[in-house]
Novice: 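Structure below; questions to follow.
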Amino acid sequence: MVLQFSHGNGIGVKFGKQIVLLDPKISDFVSFVSHAHGDHLPTKVIKKPYCTEETAELVKLRNLDFEANVVKEGKKINFDNFSVKLLNAGHILGSTQTLIETDGKSILYTGDFKLWKGLTCDKIKIQQADILITEATYGHPSYVLPEIGIVRKNIIDWVKKETKKSSVNLGAYSVGKAQEVIKLLNENGIIPQVSDAVRKFSEVYKKFGVKLDFLRNGEVGEVAVKPMHLLFSDRGRKNCALTGWAMSRNYGCDAIPLSDHCDFNQLMEYIKQVNPKKVFCVHGYEKKLTKEIKERLKIPAFTIRNRAQMSLADF
Ligand SMILES: [Zn+2]
């Protein structure tokens, strides 16, 4: 049996006559959506993709017509000559890794993931696999995040300090990051104002049992959580951008590196634990990560920008 990987319409995995698409733009054949961030979602559905119920509910807020084959995290789905399990990725609510098993071999696709336990989603489940396809967002050794406890403390310290002088805006991606920030504020006795987008995605989190408190629509709070592009929309409020990219980019305001992705060291740690025979890197610093995996971990590693083909016997 020959195993082929391609990158274009998401990630394509072909074995025998079977095609499996991971986070495709056009969902066809058998396909899987790892989580509800826009860059991982189909824009056209020919055949319904598989995803968790949480992901399906979050995606429906962006696309009312979205339909999916909803599957439970951790439950094996059997197809003719292969099986798939979606495993927690720890990235945002409902996010999963995809584990494909065929012919006694396993292929694991990470989607986006992080290793520490978020405040609003389940912790990642790490599973060994023969072939790993990993995201490489921070796949460069220069990207090292502070420990999450320090990052959270820095956010609360910043809020306490700045609200003595003015009201504040915290800029965070509307799905995932914003809910982590709301939860962190709640745990420190603060109930924030939220933008419309943050509110609608947060309601889905609440539906799945994540307790989040935020002000009613129209109420103005001393602390607001809103998407990054709305940070400078009102005068007189101090702004802080919350993103991992604060490690390297200037946002024109204060910034703290709160991320839902692994940094470089955590990517390495994860790959060690998965213990694959081969690694394919996508999304981000994939070339650099490929080089580092070969040098530091002595594991064959490739990018899949172009079609890669190999015999399953190679694994
Ligand atoms: Zn994501």
Side-chain angles (χ1 to χ4, degrees), residues 7 9-11 21-25 27 31-43 49-63 66 68 73 86-98 108-126 132-140 143 145 148 151 171-183 197-198 200-202 204-205 208 210 225 227-229 241-249 257-264 266-267 270 280-286 289:
H7 192 211
N9 185 19
I11 294 155
L21 298 177
L22 304 166
D23 288 341
K25 284 292 146 214
S27 147
S31 70
F32 296 87
V33 174
S34 65
H35 67 291
H37 280 155
D39 53 337
H40 292 258
L41 299 183
T43 50
Y50 290 80
C51 66
T52 60
E53 189 181 3
E54 291 89 334
T55 295
E57 291 287 316
L58 289 167
V59 177
K60 273 181 198 161
L61 293 181
R62 298 179 189 273
N63 175 2
F66 181 77
E73 188 277 337
L86 299 184
L87 300 166
N88 277 332
H91 177 58
I92 65 168
L93 183 75
S95 65
T96 53
Q97 308 158 86
T98 311
L108 181 65
Y109 166 59
T110 61
D112 290 345
F113 72 105
K114 65 175 182 278
L115 296 191
W116 65 92
K117 166 85 176 73
L119 302 173
T120 58
C121 62
D122 292 326
K123 193 168 186 228
I124 189 169
K125 280 184 193 161
I126 301 180
L132 173 65
I133 305 167
T134 181
E135 63 127 326
T137 304
Y138 295 124
H140 191 291
Y143 285 104
L145 288 162
I148 185 64
V151 174
Y173 197 69
S174 302
V175 193
K177 190 73 64 66
Q179 290 72 36
E180 287 284 303
V181 176
I182 294 168
K183 189 73 179 172
V198 170
K200 68 177 185 178
F201 289 115
S202 298
V204 175
Y205 272 66
F208 285 97
V210 180
V225 179
M228 216 73 91
H229 70 275
L242 302 177
T243 165
W245 293 112
M247 288 187 280
S248 63
R249 295 179 190 168
L258 177 67
S259 182
D260 282 321
H261 289 269
C262 289
D263 68 3
F264 177 79
Q266 291 152 1
L267 280 170
Y270 170 83
F280 292 88
C281 303
V282 288
H283 304 138
Y285 287 97
E286 65 265 24
L289 184 60

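In this chain, numbering begins with 1 at the start of the sequence shown. Just so you know, ligand 1 is whichever comes first in the structure, and atom 1 is the first atom listed for that ligand. A quick note: this is a predicted structure, and the numbers were derived from the prediction, not measured.
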Novice: Identify, with sequence neighbours excluded, every residue that meets side chain to side chain donor-acceptor pair (under 3.5 Å) alongside Thr120.
Specialist: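 So Thr120 forms a side chain to side chain donor-acceptor pair (under 3.5 Å) with Glu180.
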
Novice: Does the pair Phe264 and Tyr138 meet the rule for a ring pair (Phe, Tyr, Trp, His ring centres under 6.0 Å), with working shown?
Specialist: CA-CA 6 Å; Phe264 177 79; Tyr138 295 124; over 10 Å; no

Novice: Can you name the residues that form a salt bridge (Lys or Arg N to Asp or Glu O under 4.0 Å) with Lys25, not counting sequence neighbours?
Specialist: none

Novice: Parallel, tilted or perpendicular: which fits the ring planes of His91 and His37, with parallel below 30° and perpendicular above 60°?
Specialist: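 Because their plane-to-plane angle is over 60°, the rings of His91 and His37 count as perpendicular.
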
Novice: Answer yes or no: is there a donor N or O on one side and an acceptor on the other, between the side chain of Thr52 and the main chain of Glu73, under 3.5 Å?
Specialist: no

Novice: For Lys114, check salt bridge (Lys or Arg N to Asp or Glu O under 4.0 Å) against everything at least two apart and list the hits.
Specialist: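 Lys114 satisfies salt bridge (Lys or Arg N to Asp or Glu O under 4.0 Å) with Asp260 once adjacent residues are dropped.
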
Novice: Less than 2.8 Å from the Zn ion (ligand 1) is the window; count the protein N, O or S atoms in it.
Specialist: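 If we list every protein N, O or S atom nearer than 2.8 Å to the Zn ion (ligand 1), we get 4.
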
